[in-house]
There are 2 protein chains.
Amino acid sequence: MRAVDAEEKVDRQARILEAALRLLSLQGISGVSMRAVAREAGVSLGLVNYHYEDKTSLIRAALHRIEEQDIALVEPDLTLEPEERLRAALKRVADPEFLTTEYLSLRLQLWALAQAHEDFERINTAAQRRYRAGLAALIHAARPELSPDECGERAADIDVIQNGLWLTALLGLDRDSIGRSVRRCEEIALAD
Amino acid sequence: MRAVDAEEKVDRQARILEAALRLLSLQGISGVSMRAVAREAGVSLGLVNYHYEDKTSLIRAALHRIEEQDIALVEPDLTLEPEERLRAALKRVADPEFLTTEYLSLRLQLWALAQAHEDFERINTAAQRRYRAGLAALIHAARPELSPDECGERAADIDVIQNGLWLTALLGLDRDSIGRSVRRCEEIALAD
DNA sequence: GAACATATTGAACGATCGTTCAGGTGCTCG
DNA sequence: CGAGCACCTGAACGATCGTTCAATATGTTC
């Protein structure tokens with residue numbers, strides 16, 4: 001029992017962050033109050049303010065966590081050949097593991113927050129830039145003959161479709177059109 | 001002066017709704033309090049609750065207003081031939097008149113609200129369904145030889161790209177990739 | 001002009017919000 | 001042992017929230 005107890009108790013800061021993410025995903029920003037986060041994490045109200053200076057820095061930490069998940073999507077899988085590596089990354093966005101309501105809803109809330117709060121917008125813009133750069137790098141590795149500009153263009157076009165794909169998946173799942181969109185991304189990326 | 005005064009005074013209900021939309025677009029749902037709406041509309045707090053039973057019904061009215069703008073995008077322009085009518089509708093989404101930050105941000109807030117509130121989700125789903133049906137009808141008129149199912153598929157694929165296009169435009173304007181995306185939508189819609 | 005419905009105001013209510021703070025627990029180190 | 005430190009608690013504060021309501025203004029009807 002000691003092990004379980006310890007496991008449940010350690011790293012309350014992480015549990016607070018996860019509680020904030022859970023609430024943000026399920027109820028939107030209106031559902032994220034310091035008290036609600038404390039309740040969801042099973043800690044006292046004071047502890048939330050102890051680990052996070054104020055509410056803004058708690059939200060900021062949550063947004064950085066979402067950013068990490070985003071960037072992981074274009075992390076190169078070095079066990080594969082460049083072309084397969086790119087295909088794998090493009091398929092990953094439609095992977096059920098990533099296409100969960102919780103993750104998509106989090107992204108949406110992040111975007112909505114970025115509109116209202118300049119500080120959050122910077123975080124979002126930086127994340128998007130890193131994502132596109134990762135995608136362009138994958139394309140360049142698979143099609144070395146393409147100019148960096150051309151790779152950037154293709155990455156931007158794919159980004160548009162993927163954003164739409166995520167949004168569509170969230171608003172009303174349509175498996176078939178998601179599959180077709182993934183295939184369209186592959187065509188754009190790998191065209192000769 | 002009487003005319004101006006009258007113009008400014010009449011239909012305070014409409015001015016309240018517009019104030020709510022403006023705040024929702026600029027500051028997100030956290031910025032929409034009954035008091036803030038009253039201040040923005042230049043009326044008293046009590047009047048907001050007089051015209052809208054409670055906050056939820058005010059937000060609901062705002063969402064219905066956004067829905068109207070959406071549907072207008074696929075309203076057939078009967079002065080044009082079917083194919084041009086479809087092209088015009090597809091170009092309309094990238095029209096600067098619609099691609100304003102205010103309108104796009106409103107859509108985003110609508111989507112975010114739909115995630116958190118079942119009531120708002122229904123409004124959003126209905127709007128999306130109407131939009132896709134309108135798009136499919138435009139495609140069918142331009143390509144009568146296509147089956148209704150095929151038209152629906154194409155409309156769904158275009159919807160994915162347009163959602164991504166709107167989102168991308170909002171997060172960081174990239175005129176070139178928007179232009180390419182519009183062209184891609186035309187190709188999908190009009191392929192033989 | 002009296003009666004009436006409609007429109008409009010701002011004060012007031014209890015609830016909840018973010019933040020602060022004095023205090024309490026458990027641990028380490030000299 | 002006790003001083004020091006990091007972690008944690010819940011009460012309390014003032015601000016703001018959504019909602020209600022009595023009072024007033026405005027316009028229409030008989």
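FYI, side chains are in, hydrogens and waters are out, and symmetry mates aren't considered; it's all heavy atoms of this structure. Chain letters run A, B, ... following the sequence lines, proteins first and then strands; every chain starts at 1. The structure presented is a predicted model; accordingly, all values stated were derived computationally and were not measured.
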- Query: Which residues pass the salt bridge (Lys or Arg N to Asp or Glu O under 4.0 Å) test with A:Arg132, sequence neighbours left out?
  - Reply: A:Asp159, B:Asp174

- Item | salt bridge (Lys or Arg N to Asp or Glu O under 4.0 Å) involving B:Glu186 - partner list, sequence neighbours excluded | B:Arg87, B:Lys91

- Who pairs with A:Ala127 by side-chain contact (heavy atoms from CB on, under 4.5 Å), at least two apart in sequence or on another chain? A:Glu67

What pairs of donor and acceptor atoms, side-chain ones from residues 68-77 of chain B against any protein atom, are under 3.5 angstrom apart with sequence neighbours left out?
unit_1, atom_1, unit_2, atom_2, d
B:Asp70, OD1, B:Tyr103, OH, 2.3
B:Asp70, OD1, B:Arg107, NH1, 2.9
B:Asp70, OD2, B:Arg107, NH1, 2.6
B:Asp77, OD1, B:Thr79, N, 3.1
B:Asp77, OD1, B:Thr79, OG1, 2.7

Could you state the atom-to-atom distance from [atom1] of [X] to [atom2] of [N] in whole Å?
X       : N     : atom1 : atom2 : answer
A:Arg12 : D:dA6 : CZ    : C1'   : 13 Å
B:Asp11 : C:dT6 : CG    : C1'   : 14 Å
A:Tyr50 : D:dC8 : OH    : P     : 8 Å

Only pairs under 3.5 Å count here: list side-chain donor-acceptor contacts from residues 29-36 of chain B, not counting sequence neighbours, and write none if there are none.
unit_1, atom_1, unit_2, atom_2, d
B:Ser33, OG, B:Ala36, N, 3.0

- Query: Does the distance from a Lys or Arg side-chain N to an Asp or Glu carboxylate O, for A:Arg143 and A:Glu83, drop under 4.0 Å?
  - Reply: yes

- Out of D:dC7, C:dT8, C:dT9, which nucleotide sits closest to the side chain of B:His51? C:dT8

So which protein N/O to nucleotides 17-21 of chain D N/O distances come out below 3.5 Å?
unit_1, atom_1, unit_2, atom_2, d
D:dC17, OP1, B:Ser33, OG, 3.4
D:dG18, OP1, B:Lys55, NZ, 2.7
D:dG18, OP2, B:Met34, N, 2.8
D:dG18, N7, B:Arg35, NH2, 2.5
D:dG18, O6, B:Arg35, NH2, 2.5
D:dT19, OP2, B:Lys55, N, 2.9

